[in-house]
Asks: 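Structure below; questions to follow.
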Amino acid sequence: MADAPPPDDAPPEDRGEPVIEMKNVVARYDEQVVLNDVSMKVHRGEVMCIVGGSGSGKSTMLRCLLGTLIPVSGSVHVFGVDMIRASQKERDEVYQRLGMVYQSGALFGSMTAWENVALPLQEHSSLDHKIIDISVRMKLGLVRLSGFEHRLPSQLSGGQLKRVAFARAISMDPEVLFCDEPSAGLDPRIGRGIDDLIRNLNRAFNMAICVVTHEMESVKIIADSITMLAPMPGGARVVFSGTNEELAACEDPVVRDFVNRAPLKEPRWEPSEILKQLVGED
Ligand SMILES: Nc1ncnc2c1ncn2[C@@H]1O[C@H](COP(=O)(O)OP(=O)(O)OP(=O)(O)O)[C@@H](O)[C@H]1O
Ligand SMILES: [Mg+2]
């Protein structure tokens, strides 16, 4: 008899093969190496946060995971599919099982919230209009936007736009959700609401969620595991990989510096010097 699958509440590493695995990836744009020997894993039902400063290569990591940027070396597997060597057909099959919340939201401005969320179902399923309508209303309900079906993106607040982007990303019931800076630009209270949404989707659907963020407060709330990137000569490297508890205990100064974001103890210049610089006096 086949072994029973591991239970959903087992620790992530005991939940079988990772759904996402990146190994020793080197990636670059033209001559600039951005990622250097970067590895990470996400298991079924796990929330993994990729953290690091602006420009450290977090979105580039997502591009490699999605197969839109091909690394120079290393490997990327999603649901066991080799994303570097996969045919377009194999990649498309993987995309049907993924959802993506883009850093910019990327909603269609001339389409209502309903139409934005319905689009993936209309394009990739043969469901009839009634079923699509039920499904879209359910997804908008999940992100607490019932009654906003007819609004255009320009008629929604920043937090509501992000919620529509989530509803669209989960319209096809993905097994894995990628989110790039989901709470960037939102006030802390609305950002907390997005954290709750991520946790609820993870718990309710056992969805693996890979979140790119630099908000450490959010990481403390949502992350089962964390991969931290730091820029280095020759490309960003992983400087930490582990749980929130392990992060709290990590003494690496590069890691501590990012986590604590210690303010400068002394101003770099006297205020009078700054004024001189502003008016162009030497
Ligand atoms: N399409 C591109 N072509 C050339 N260089 C790029 C491209 N996209 C990103 N870069 C460069 O790669 C580096 C990493 O960029 P990336 O967008 O991955 O950073 P990030 O960690 O997501 O930053 P942020 O937190 O600001 O979103 C940066 O130096 C950036 O200028
Ligand atoms: Mg980015």
Side-chain angles (χ1 to χ4, degrees), residues 20-42 47-76 78 83-84 91 98-107 158-159 161-162 165-166 168-169 176-188 190-191 194-195 197-198 208-223 225-242 247 252 254-263:
I20 297 171
E21 187 161 29
M22 177 179 263
K23 272 193 193 162
N24 310 111
V25 159
V26 176
R28 70 177 182 212
Y29 299 106
D30 302 319
E31 293 311 304
Q32 183 196 3
V33 176
V34 174
L35 301 177
N36 189 3
D37 198 24
V38 168
S39 301
M40 61 91 87
K41 285 181 201 179
V42 185
V47 178
M48 147 71 76
C49 287
I50 299 173
V51 300
S54 189
S56 58
K58 304 180 298 296
S59 296
T60 302
M61 243 176 116
L62 281 191
R63 281 178 210 131
C64 292
L65 290 170
L66 292 168
T68 53
L69 179 69
I70 301 298
V72 181
S73 58
S75 66
V76 178
V78 180
M83 294 299 278
I84 297 173
R91 240 179 251 175
L98 298 180
M100 174 79 203
V101 181
Y102 290 94
Q103 196 160 358
S104 58
L107 297 175
L161 285 172
K162 270 281 154 71
F166 268 90
R168 185 178 61 183
V176 172
L177 185 64
F178 292 101
C179 317
D180 198 351
E181 300 283 3
S183 42
L186 302 178
D187 82 35
I190 306 291
I194 298 285
D195 290 342
L197 177 60
I198 290 172
I209 308 186
C210 186
V211 183
V212 163
T213 183
H214 57 265
E215 311 268 351
M216 290 312 293
E217 285 310 308
S218 168
V219 171
K220 279 183 205 152
I221 295 165
I222 63 174
S225 59
I226 300 148
T227 299
M228 185 182 289
L229 284 180
M232 305 263 169
R237 287 176 174 269
V238 174
V239 287
F240 173 83
S241 163
L247 184 63
D252 181 331
V254 177
V255 175
R256 288 266 57 88
D257 185 49
F258 184 79
V259 172
N260 298 332
R261 279 214 213 121

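Both counts, for ligands and for their atoms, begin at 1 and track the order of listing. These values consider heavy atoms only, across backbone and side chains, with no hydrogens, waters or symmetry-generated copies. One-based numbering along the sequence shown.
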Asks: Taking any residue with a non-hydrogen atom under 4.0 angstrom from an atom of ligand 1, which ones do you get?
Replies: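 These residues qualify: Y29, Q32, V34, G53, S54, G55, S56, G57, K58, S59, T60, R63, Q103, E181.
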Asks: By the side-chain hydrogen bond (donor to acceptor under 3.5 Å, both in side chains) test, which pairs, at least two apart or in different chains, include something from residues 232-242?
Replies: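 For residues 232-242, and leaving out neighbouring residues, there are no side-chain hydrogen bond (donor to acceptor under 3.5 Å, both in side chains) pairs at all.
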Asks: Please give me the minimum heavy-atom distance between V76 and C64, naming the atom from each residue.
Replies: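 Taking every non-hydrogen atom into account, CG1-O, 3.7 Å.
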Asks: Donor-acceptor check, side chain of D252 to backbone of V254, threshold 3.5 angstrom: yes or no?
Replies: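 Present.
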Asks: Between side-chain atoms of residues 52-62 and protein atoms elsewhere (two or more places apart, or another chain), which donor-acceptor pairs fall under 3.5 Å?
Replies:
from: S56; atom 1: OG; to: G53; atom 2: O; distance (Å): 2.7
from: K58; atom 1: NZ; to: G52; atom 2: O; distance (Å): 3.0
from: K58; atom 1: NZ; to: G53; atom 2: O; distance (Å): 2.9
from: S59; atom 1: OG; to: Q103; atom 2: OE1; distance (Å): 3.3
from: S59; atom 1: OG; to: D180; atom 2: OD2; distance (Å): 2.7
from: T60; atom 1: OG1; to: Y29; atom 2: OH; distance (Å): 2.8

Asks: Taking the side chain from R28 and the backbone from G235, do they hold a donor-acceptor pair closer than 3.5 Å?
Replies: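 No, the answer is negative, given that no donor and acceptor are paired below the 3.5 Å cut-off.
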Asks: Flag S59 as yes if one of its N/O/S atoms falls below 2.8 Å of the Mg ion (ligand 2), otherwise no.
Replies: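 S59 does place an N, O or S atom closer than 2.8 Å to the Mg ion (ligand 2).
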Asks: Taking side chain to side chain contact (heavy atoms under 4.5 Å, CB included) as the test, write out the residues that go with A223, two or more places apart.
Replies: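 In terms of side chain to side chain contact (heavy atoms under 4.5 Å, CB included), with neighbours along the sequence ignored, A223 is linked to C49, V219, I226, N244.
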